[in-house]
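In what follows, every chain begins at residue 1, and chains take the letters A, B, ... in the order their sequences are listed. None of the values given here were measured: they were computed from a predicted structure.
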There are 6 protein chains.
Amino acid sequence: VNSKSRDANRPALQPTDSFAVPRYAGLATFMRMPYDPDPADIEVGIVGVPFDLGSSFRSGSREGPAAIREASRGVRLANPGSGVRPYELVDVADVGDIGGNPYDAAATIDQISSFVRRLADDAIWPLALGGDHGITLPILRGLAPFKPIGVLQFDAHLDTFDEFHGSKFNNGTWLRRAHEEGLVDGSRTVQLGLRSWSNGSTDFAFSHDARFTVITHDDYEDLGREETITRIRSVLGDGPVYVSFDIDALDIVEAPGCAGRVPGGLSMRDAQVILRGLTGCRVIAGDVNEVAPWLDPAGITQVNAAYLTFEILCLMAVARARVGRS
Amino acid sequence: VNSKSRDANRPALQPTDSFAVPRYAGLATFMRMPYDPDPADIEVGIVGVPFDLGSSFRSGSREGPAAIREASRGVRLANPGSGVRPYELVDVADVGDIGGNPYDAAATIDQISSFVRRLADDAIWPLALGGDHGITLPILRGLAPFKPIGVLQFDAHLDTFDEFHGSKFNNGTWLRRAHEEGLVDGSRTVQLGLRSWSNGSTDFAFSHDARFTVITHDDYEDLGREETITRIRSVLGDGPVYVSFDIDALDIVEAPGCAGRVPGGLSMRDAQVILRGLTGCRVIAGDVNEVAPWLDPAGITQVNAAYLTFEILCLMAVARARVGRS
Amino acid sequence: VNSKSRDANRPALQPTDSFAVPRYAGLATFMRMPYDPDPADIEVGIVGVPFDLGSSFRSGSREGPAAIREASRGVRLANPGSGVRPYELVDVADVGDIGGNPYDAAATIDQISSFVRRLADDAIWPLALGGDHGITLPILRGLAPFKPIGVLQFDAHLDTFDEFHGSKFNNGTWLRRAHEEGLVDGSRTVQLGLRSWSNGSTDFAFSHDARFTVITHDDYEDLGREETITRIRSVLGDGPVYVSFDIDALDIVEAPGCAGRVPGGLSMRDAQVILRGLTGCRVIAGDVNEVAPWLDPAGITQVNAAYLTFEILCLMAVARARVGRS
Amino acid sequence: VNSKSRDANRPALQPTDSFAVPRYAGLATFMRMPYDPDPADIEVGIVGVPFDLGSSFRSGSREGPAAIREASRGVRLANPGSGVRPYELVDVADVGDIGGNPYDAAATIDQISSFVRRLADDAIWPLALGGDHGITLPILRGLAPFKPIGVLQFDAHLDTFDEFHGSKFNNGTWLRRAHEEGLVDGSRTVQLGLRSWSNGSTDFAFSHDARFTVITHDDYEDLGREETITRIRSVLGDGPVYVSFDIDALDIVEAPGCAGRVPGGLSMRDAQVILRGLTGCRVIAGDVNEVAPWLDPAGITQVNAAYLTFEILCLMAVARARVGRS
Amino acid sequence: VNSKSRDANRPALQPTDSFAVPRYAGLATFMRMPYDPDPADIEVGIVGVPFDLGSSFRSGSREGPAAIREASRGVRLANPGSGVRPYELVDVADVGDIGGNPYDAAATIDQISSFVRRLADDAIWPLALGGDHGITLPILRGLAPFKPIGVLQFDAHLDTFDEFHGSKFNNGTWLRRAHEEGLVDGSRTVQLGLRSWSNGSTDFAFSHDARFTVITHDDYEDLGREETITRIRSVLGDGPVYVSFDIDALDIVEAPGCAGRVPGGLSMRDAQVILRGLTGCRVIAGDVNEVAPWLDPAGITQVNAAYLTFEILCLMAVARARVGRS
Amino acid sequence: VNSKSRDANRPALQPTDSFAVPRYAGLATFMRMPYDPDPADIEVGIVGVPFDLGSSFRSGSREGPAAIREASRGVRLANPGSGVRPYELVDVADVGDIGGNPYDAAATIDQISSFVRRLADDAIWPLALGGDHGITLPILRGLAPFKPIGVLQFDAHLDTFDEFHGSKFNNGTWLRRAHEEGLVDGSRTVQLGLRSWSNGSTDFAFSHDARFTVITHDDYEDLGREETITRIRSVLGDGPVYVSFDIDALDIVEAPGCAGRVPGGLSMRDAQVILRGLTGCRVIAGDVNEVAPWLDPAGITQVNAAYLTFEILCLMAVARARVGRS
């Protein structure tokens, strides 16, 4: 539980009121939430992880957190699908960035784990802005109190390589590694949006062995949204869940600003409806990753990432509100 | 009726012939139609309204009319869905811009009303290129001869605030104000594409009180296109209709160049099919608004706005042709 | 048959291995395949055709081949829908560009025909990167050994004008001309994605006379993907087929970088599913055309073009593998 | 002299007053001047020439005229260096575009000549917005009443090839051809800004034989602005002068939107000071060419082209005012 | 003097150490300085003023402050010309934005004055990030304790209109108004960079009457940098000085992202050398304004604005350090 | 000497002839030179080094080599300042990329050294396309046969940190490290363009101790071009020289596409004149680095980088021609 107890009588933290201060004004924290780099009595912490040393293709997602924050100015307070208003439910703050080291992936990975662990120890649930997908392994390590955790992965790629270019820790291996380390409950793990691989059945071997539920993009279209939601809910069950959203799960037109963009994927609408369909699941943490803003001069990717972050926040807020403010 | 009667024998005005003059050549009027700043014997007038003082978030839609005109070079003369060829039915001209005053929103609003009123008094039906959504109230005022008018609003937002930042007249209040002023027939008004608000039921109170038909984006997907069209036609009935298309009704990928872009919205295909489904409704005026071209370096938004303007033009042409050339 | 016979024992040519050399490294050939400007013992040749003198609207597709090659770095080796792995089936090389003459459309058209004819005579099947749609006529001429060929045309436009601006040979007339020259089997020709014309029934007269199967975008949505695929397969039959993909068949959001972009079209997902549904058809050549990269600063268009090229390659590989390596 | 004589008492034509109508409003004619496609009693005609079939490298300058017009909204009425206020001196109108034929360079070249000749016969001096540099030869042909004319060429390239890719008429040969045709007075011709060639002395042979005054960019820096101006004035003398400004004479940072951009060139300041230094020379026509707007998403090139057009207009206005309104 | 006295022993506030936290990490305050929205014991406050209701041409500078902050991540701590290291001299914080009201220019202007006045009353010297040039009048009002103040204006335009479109308070009138209100000491005021006006001598009448020192861009080139600096120092004298930098004083290539961009202006080098030459002048406040980031997809303008802000900060730090920490 | 001796009678390798094949056609090798990944009898090898793990700020220069190659299509064969025509003097080929490992900076650094060493052992002089400035140390290691070598560094930054973020090998330390390793002759080393540091004299300590000739940008402007050239030539002397051009030595307007862009720097013209002034120096290798193309949608940076590469190539060609073809 949170060591520094919150005053139960104070109202929850709120984003800057857009009726009082126009959306274009004020510092670029996530949704213009209060900035709290040394958080104590909050329940959800938005944390930037500007790390792109895990990318084998394009770099640039180290600039993702700043871009997502800037793009989040326009997001409204209520979820138009689920009706959730997260800031009514929990105390949220933008806790800033885990700076890391641009020359030392291993040290940065450790720093990420430590930072997340400190949040977790204070009963603060983290919601991360990437950075490349290599950030998810250390976040899961930091969430060890919840292990083994169920994972809902949105992704064009499996990310279950054993190694890539000799590296065990990167944006193509994190899920395998997390499973090997016992952080992930394979039977409560779903991979959604898959549509890019090089071989075929062998690529899926690890997922099958680990008992992941694999829903390729073809599968998704066959199932339809409702059945997909039902299946995901069934797999995730009642245990703690981590939602990891690689922005390349989206179609390239929705996310041109990412390293490994792939056509023929999910629309934002798909993602929103699916995520809203999971309201009530025990989502205790998550991330939105692989946003490389300079590849998208119109800034669509970062806006979409901000909205996806809000969707995950809504899930976390409902789950956390059930636990109550400690 | 039109005071300066048209010679019944002259052929209708036509856009520049793309077989004679390549599309990239010639002045940027809408679809390279004749420019007529002092129109008399035309039936539909395309009018630019470069006003963005009604925007609470991003500015820049003052450059919308010029961008839409430039982007309209490629639009073809026949509607591929409804088969309508508007330039065969009515005389259309580009009547230029209502210049307005960059420092005086109130004066500009009056100027817009007066200009539209003059057109209406000459039996010229206006089709406006915005500008932000604040232009619609003064246009409706200018259309007083038709009041109360039915409204078909495409929008991500309700635009029914009572005031915003203390202002009664802006892009978030226009619909409430128009209803209060008796310009709008609430029972013949439809709001479509809604997917962004901050509270929930209270946000919809005005719409319900005013008997607007509210079709959120969720509702739209539940209904499907056909049933949506049926419902809209049923609500609009036989009376005069105004179609107001806020470009943010479209998904962000279709309209990255607007102030308040929101993911998870209508596709152009959705919009086209719905609008074509309304062929025969008595659409006497309309607008396409909130195009802020500098936010979209690929220019998708302005092309889509040009095509939407053409769709509304087709509806107006059919409705006007029934009236006959006076 | 191929005059310089391939050593049956050597393994097929492969793209640069992305596990050994990162995707961002190496020369920009298509999918980093071997470059072979004087090909002999290959089965499929990727050939650039940087020609844009056939465009009546925007120019710039002369830079398409270079852009598509650069964008193809990220394409994976396996088709996620059909499972085809083309480089396991046939020998493919990037044979470079048909340079042409920027001041002489006729000479370039002849050069294209000759080059393709030389490939065809060596039993090398061509897959072309355009260039505007005017390239398809000379390619079909070069494929005379296969004539009359069935054509699957993805396009927003019919391209069946008799002439345009007095020219018989351009991106709006190629299909009529090819049919007139006996290159195309009209009864085995499908036009898909059509949604832009100026008149109506008269525009379709040639297609009907030539017995083309016309599937407008409205038709496509009525039929659905499966029935569309069935119909196409039925029309194409067992004879040789040419797939010509005008990138403007795609919705403008998928292909903002083209001369004649039109909203309300196919998504990449639509195109991918349809093409995958044709696996097994005897596709012996094809092209992806009208990519004008400078109009799309995010580069979506060229990535999509690269993926479409891969889809056509998969069809060709399966068809060619049946023939065997000669 | 002008056949349709102007009423001496009416005030000169003026651009739209920016105190009455904001700069962002109104149709995009050059500097929002009156549009007069059938001009009679004006003295200078701004004419667009959207022709890019003369380009051997990048295409896209066919969209130059529209872009320059749009970018000209911000240009002020007074020349800040020379003090000239052209609209006080002469009647100017935007006479629209010479549409041309996208498939027929020769026909377009003839159309350009005829159009210019008609202007010249009406004593209307033309100022052209290109299009590629191939437009200058036919303009000079149309100016035959003034032949042989002195030419001031701003350019990175010599444009004195005898032929290029077998073509005699393109953006690399126009100056040689014009000299051969007796249109140009070599002894009153200056080439300025040269800094790109492939051989060396042989490249300059034609210029030397034709007695052109060659001022490479190195020469310009050695001479300095004042001496350069003195030399140019001395060469141009009192005869009629044509100013042809290839935008690639400017440094790439000033004109990224052109086919053959070259670093290390003139700044806009250089060009402005030089052109102002020629006030009083008998400049009777000119052009600004090679603006390909899609290559420059920030739009710098087209703004600079608009300002350069204004500079040439100032020179023409002073020269024409001396002649008097006929 | 500052009411809440600072602990003299604590070290000065510092930007985030780029050796500890990479430049791409951390919230986007100016140069990653501490954020202090309720400042007390600081000496210089960086304040954003996202106001663009004073613009008669393009809008969009309301997004300037956020863009400049983001772009300031790369600025180093030492001035390479003057050697000044401002954070060694004074306590600086980013005090956030003056939000204002998007529909009420007058109220926003008052809010700006009040905010600045509160800073001034606490002996905090303000350095503002615009916003359009209309922000300078209310800032000067808030600096009334220093009135009449000398002004160093960098600008392409005079900004001395009496009114524009009927408005007395906008980006074209602020300097006249400030002088009329007695805020500005005309004899200690310099206008530099001027190169855009519509008439000529009449445009300069107010400046002359007010005894401003006018240095047009032509004058600047005639004088050279050293003499310009000497003249400016001589005019500014020993009294308090306000530096107002309209980004359009820079050449368009240095600042494509502004409403009224004009070619042929100052380079950043010019501006830097001039500003460094004023080290020791009693600069007590300043602003950098008219940055409209969406017009510049490469982001050059906002980087330059960040560097100019740093230059002004260096001048203020030296001047303030002389006063001592109160 | 070159182990595989070249046939003295064959003509030198040439870029694709732009009279035969238009510049937009053909694979994107540097200046469309022959591609030779296993070079033997050439004298200069253009080699891409797509490595950006040495960057502490923005990433993305791993895409530099491909972008520079694509942008090099327009470069002409003759140097307009020095008259050098390098392809007449030496055999040049594009030898492709040193792929490296995206997860292992150390391994990539070794791979770079080995590759360069192999070239050097074959008497092939390397000219590298970066990649970040961290590539220069391993290149210098590979050039050990020439050690200690004189270095001409163009750079905004000193790059003489001892370590950065704990790393000894990156784009901020390479020059110190190279000197410590005895690779560089400090007395024959020049640093030019410096204008960004955080402290002052302490930042320069290493350079002074190492006897580097430091020419800050202020120094450069004081000296002027001629004296700067004289001084550089004097320092470089007759020994072997390496030219390392960090693109941020250029002003931000010339190189917006780089990680650490800094205003107030060299123009391309400055760089060209200086480099041409060094004709005859014994430049045996060099690099152009830090080009991050996605930050520059207009592509100016990569064009400038291509031209700078050509300038260095001219120096190398002259120096190598003196040695003779071995």
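- Looking at heavy atoms from C-beta onward, A:Phe57 lies out of side-chain contact with C:Pro22 at the 4.5 angstrom threshold.
- Interface check for chain A: of the options C:Arg23, C:Arg73, C:Met268, the most heavy-atom pairs under 4.5 Å are formed by C:Arg23.
- Of the residues considered (A:Ser201, A:Ser198, A:Gly166), A:Ser198 shows the highest number of contacts with chain C, using heavy-atom pairs under 4.5 Å.
- Within residues 287-306 of chain C, the residues that have a heavy atom under 4.5 Å from a heavy atom of chain A are C:Pro297, C:Ala298, C:Gly299, C:Ile300, C:Val303, C:Asn304, listed by number.
- The neighbour count for C:Glu227 CD, taken as heavy atoms of other residues, nucleotides or ligands under 6.0 Å away, is above 12.
- Contact annotation for C:Val21: only backbone heavy atoms (N, CA, C, O) come within less than 4.5 Å of a heavy atom of chain A.
- At a threshold of 4.5 Å between non-hydrogen side-chain atoms, the residues C:Arg225 and A:Glu221 count as touching.
- For A:Glu163, the part lying under 4.5 angstrom from a heavy atom of chain C is the backbone only.
- With a 4.5 angstrom heavy-atom cutoff, A:Ser56 touches chain C only via backbone atoms.
- Counting heavy atoms from C-beta outward, A:His217 and C:Pro80 have side chains that stay 4.5 Å or more apart.
- Crowding of C:Arg233 atom CZ: a count of heavy atoms from other residues, nucleotides or ligands under 6.0 Å exceeding 12.
- Both the backbone and the side chain of C:Glu254 come within less than 4.5 Å of a heavy atom in chain A.
- For chain C, no part of A:Asp203 is nearby; none of its heavy atoms comes within less than 4.5 Å.
- A:Ser196 contributes atom OG, which lies 4.0 Å from atom CZ of C:Arg76 (distance to the nearest 0.5 angstrom).
- A distance-only check finds a donor-acceptor pair linking the side chain of A:His165 to the backbone of C:Ser18 [under 3.5 Å].
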Do A:Ile252 and C:Tyr307 pass the side chain to side chain contact (heavy atoms under 4.5 Å, CB included) test, and can you show the C-alpha distance, the side-chain angles, and the key distance before you say yes or no?
-> CA-CA 11 Å; A:Ile252 180 175; C:Tyr307 273 88; over 6 Å; no
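- Only the backbone of C:Ala20 comes within contact range of chain A, judged by heavy atoms closer than 4.5 Å.
- No other option in A:Asn199, A:Asp251, A:Val253 has as many heavy-atom pairs under 4.5 Å with chain C as A:Asn199.
- Salt bridge annotation for A:Asp218-C:Arg269: present, with a cationic side-chain nitrogen under 4.0 angstrom from a carboxylate oxygen.
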